[in-house]
Amino acid sequence: MPTSKKVEPKKAAGTEEGAAPKKGAQPIQTTRGMRDILPIDQPHWQRIAEVFQAMARDYGFERIDTPMVEDASLFVRGVGKVTDIVEKELFQWETPGGEHVALRPENTASIVRAYVQHGMLNQPQPVRLWYKGPFFRYDRPQAGRFRQFFQGGFEVLGEADAVIDAQLILISYNILRELGLDPIVKVNSLGTPESRANYKNALVAFFRSKKNKLTEDDKKRLLKNPLRLLDSKEEHMQELKAEAPQIVDWLDEESKTHFMRVLEYLDEAQVPYQLDPYLVRGLDYYTKTVFEWFAASDDQELAQAALGGGGRYDGLTELLGGRPTPAAGFALGLDRVVSRLKDLHPNTTTQVRKVDVFLAQLGEVARKKALVLFEEFRKAGIPVGEAFAKASMKGQMEAANKHGAKWAIIIGQKEVMDGTAILRDMDAGTQEIVDIKKAVHEVKKKLGHISPQA
RNA sequence: GUGGCCAUGGUGAAGGGGUUAUCACAGCGGGUUGUGGUCCCGUUAUCAUGGGUUCGAAUCCCAUUGGCCACCCCA
């Protein structure tokens, strides 16, 4: 683990087999940066899963799942040694066998690894892949920032044309729109590694000339990753940035044309975007197009408000030992999307399944009848509810109500004797006696599943 | 990684050293053991954990755990 701090292990209550929780023991909580996704939030996650699946199908992307644990060097090489993601946020450890492994902090490196490893370059190009799953970064948690978080993304490998970049932006736009968000994308181009290097030199030269205005932190970044100075949020940098050379002016001809074409496609597809010359992104593998998504209606300006991002990474395949292969992709931060959805549709109560008919019973024999009758309704495809564990009629009727049942079937001792059941209309409050063997049939009739004379 | 704020029932809050810890919502039980959505009643917290100060701590101090904010960075 990246931390060297020695921490006393938590006193876990009742860890020992059969031991009662010790008085005064620290309650067990999720470990830092980890969280539960509770039933109440599941509808949002499901909705996202559906939209991703539909979008993948429509645009011809195939699902891929890569392992959560990879050789740490994959990320060191792929994401970049001096990036924060690798330098301080990698969940990594030595296995008992001495392998140096890490929990995936993002998926692009893994996908490129899989592309190379499985010879996907022999498939019709481009290869379109999508994924969804948990990722891990060992940083300090904040709202919308967890150590385990979920991303869903789309990647296109084996095609260099600008239309791909634009289409990926369009797809991510469609996903966010489909979910009811009002997103806006910031775009920039980082050019080729060569043009970027030239720009970097110019930038370093510029900031050197302003050295007296830089903080210690800035100076460190100037040495390590000068591009990062551009998206600093600190006050004093804002004026400096305005005078600094802009990357667009340093782009080579091809990157410039590529970028122009991406923007033209976006105009054509009416995707709202914002040019952001300071958008550089924290991963080393990006070339040419980069973009990041934000919610347009966002006035609270949280520091970690990006919904997702992506870009082109033409050099990554080669970097990981494959043949040079142009590629691009994006990932959306699902936790943040969910948090937006929750703002939009606050769910205050746990959902209870809506049923057509509810079975109420009184007494042990009636309960047995009801248990069997439940199976019959279920097999007949009629949504049915029960509260067999409750003994009181009142409690069961309350439950029927919560389930929104239109009909209730009541079986008591008397009905068991007669072989009947009471069929109650929950809205009207009227009830009639039916043969218990025909209960399913009667409910079907009431629901209009079969014509009355049948 | 740096600096700061915070932690009270399931949830949201009140209480800022003194005897039964307050409110709302949700939950559960009940209102003459056979009938719901309204209403009424009851019930639900060793005040995150450990230690310290004190006659006395939910309240003050320290540590731990967790959350949050800014930076860093990103999703």
Side-chain angles (χ1 to χ4, degrees), chain A residues 2-5 7-13 22-35 38 40 79 83-89 105-107 134-153 215-218 220-221 225 228 231-235 237 280-283 292-294 301-310 330-339 348-350 358 360-363 366 387 390-405 408-415 422 424-427 429 431:
Chain A
T3 174
S4 56
K5 225 195 306 179
V7 187
E8 282 290 303
K10 273 189 221 174
K11 268 189 260 166
K22 247 210 195 134
K23 203 174 166 186
Q26 170 81 13
I28 298 178
Q29 313 169 68
T30 45
T31 193
R32 187 160 224 212
M34 302 291 170
R35 63 174 184 148
L38 298 173
I40 196 162
V79 178
T83 60
D84 274 24
I85 289 181
V86 166
E87 227 174 30
K88 64 175 210 199
E89 297 172 6
E106 58 100 53
N107 215 12
F135 296 88
F136 305 84
R137 254 117 106 159
Y138 190 86
D139 56 2
R140 208 147 146 182
Q142 246 169 277
R145 195 169 79 176
F146 310 97
R147 288 183 174 181
Q148 175 180 322
F149 56 98
F150 290 82
Q151 284 193 166
T215 63
E216 280 311 302
D217 222 31
D218 293 335
K220 249 183 261 167
R221 270 186 287 181
N225 203 344
R228 293 244 60 96
D231 56 11
S232 164
K233 288 180 193 76
E234 284 179 280
E235 202 56 43
M237 282 304 293
V280 292
R281 304 204 34 94
L283 297 82
E292 252 173 47
W293 284 103
F294 294 85
E301 286 292 324
L302 274 175
Q304 57 288 340
L307 293 173
F330 72 84
L332 295 178
L334 271 26
D335 308 80
R336 290 181 186 178
V337 173
V338 166
S339 122
T348 46
T349 50
T350 316
F358 188 93
Q361 38 69 40
L362 284 164
K390 280 191 204 297
S392 77
M393 187 82 282
K394 177 179 170 155
Q396 295 188 68
M397 295 311 280
E398 271 171 6
N401 224 30
K402 271 180 202 152
H403 281 90
I409 287 187
I410 301 162
I411 306 170
Q413 326 243 340
K414 182 171 171 299
E415 287 72 27
I422 297 169
R424 178 182 177 84
D425 184 324
M426 293 295 284
D427 296 334
Q431 44 192 48

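Residue numbers begin at 1 in each chain, while the letters A, B, ... track the order of the sequences.
One P atom belongs to B:G9, the other to B:C62, and the distance between them is 23 Å to the nearest Å. For the C1' atoms, the distance linking B:A58 with B:G50 amounts to 16 Å, nearest Å. For the C1' atom pair drawn from B:C68 and B:G37, the interatomic distance equals 40 Å after rounding to whole Å. Rounded to the nearest Å, the gap between the P atom of B:U11 and that of B:U54 is 36 Å. Here the separation of B:C71 from B:A24, taken at their P atoms, is 41 Å to the nearest Å. Rounded to the nearest Å, the gap between the C1' atom of B:C28 and that of B:G10 is 12 Å. The same atom, P, is picked in B:C72 and in B:U2; the two are 16 Å apart, to the nearest Å. Across B:A48 and B:G16, the matching P atoms stand 16 Å from one another, rounded to whole Å.
A:Gly395 comes within contact range of no nucleotide atom at all, as no heavy-atom separation falls under 4.0 Å. Within the nucleic acid shown, A:Gln396 has no heavy atom closer than 4.0 Å to any nucleic acid atom. Residue contacts shown for A:Glu415 include a base, since a base heavy atom lies under 4.0 Å away. Here A:Lys414 lies in heavy-atom contact (under 4.0 Å) with a base. Residue contacts for A:Asp335: at a heavy-atom cut-off of 4.0 Å it reaches no nucleic acid atom on any strand shown. Nucleic acid contact for A:Gly310: none, since no nucleic acid atom lies under 4.0 Å from a heavy atom of the residue. A:Phe150 comes within 4.0 angstrom of no nucleic acid atom, judged by non-hydrogen atoms across all strands.
Residue ring and base: A:Phe149 counts as stacked with B:A75 (centre distance below 5.5 Å, interplanar angle below 30°).
Dashed line: the shortest gap from a side-chain N or O of A:Gln29 to OP1 or OP2 of B:A48 is not under 4.0 Å. A sub-4.0 Å separation between OP1 or OP2 of B:U65 and a side-chain N or O of A:Arg32 is absent. Not one side-chain nitrogen or oxygen of A:Lys390 sits closer than 4.0 Å to the OP1 or OP2 atom of B:U33. For the OP1/OP2 pair of B:G66 and a distance below 4.0 Å, the side-chain nitrogens and oxygens of A:Thr31 include at least one atom meeting the criterion.
In this structure, the side chain of A:Glu415 engages the main chain of A:Gly412 through a donor-acceptor pair within 3.5 Å. Here the side chain of A:Arg35 pairs no donor or acceptor atom with the backbone of A:Thr30 at under 3.5 angstrom.
Projected onto RNA chain B by closest heavy-atom contact, A:Ile422 and A:Leu332 fall at different nucleotides, the more 5' of which corresponds to A:Ile422. Residues A:Met397 and A:Leu307 both approach RNA chain B. Their nearest nucleotides, taken by heavy-atom distance, put A:Met397 toward the 5′ side.
Distances were taken from every side-chain heavy atom of A:Asp84 (C-beta onward) to each of B:G34, B:C73, B:G36; the shortest belongs to B:C73.
What separates CZ of A:Phe135 from C1' of B:C73 is a distance of 18 Å, to the nearest Å. Rounded to an integer number of Å, the gap from CZ of A:Phe358 to C1' of B:G36 is 10 Å. What separates CD of A:Glu89 from C1' of B:C73 is a distance of 6 Å, to the nearest Å. If you measure from atom CD of A:Gln142 to atom C1' of B:C68, you get 8 Å, rounded to the nearest angstrom. Counting to the nearest Å, the P atom of B:G37 and the NE2 atom of A:His403 are 16 Å from each other.
Between A:Lys390 and A:Glu398 the shortest side-chain heavy-atom distance does not fall below 4.5 Å.
A cation-pi arrangement, defined by a distance under 6.0 Å to the six-membered ring centre and an angle within 45 degrees of its axis, is absent between A:Arg147 and A:Phe136.
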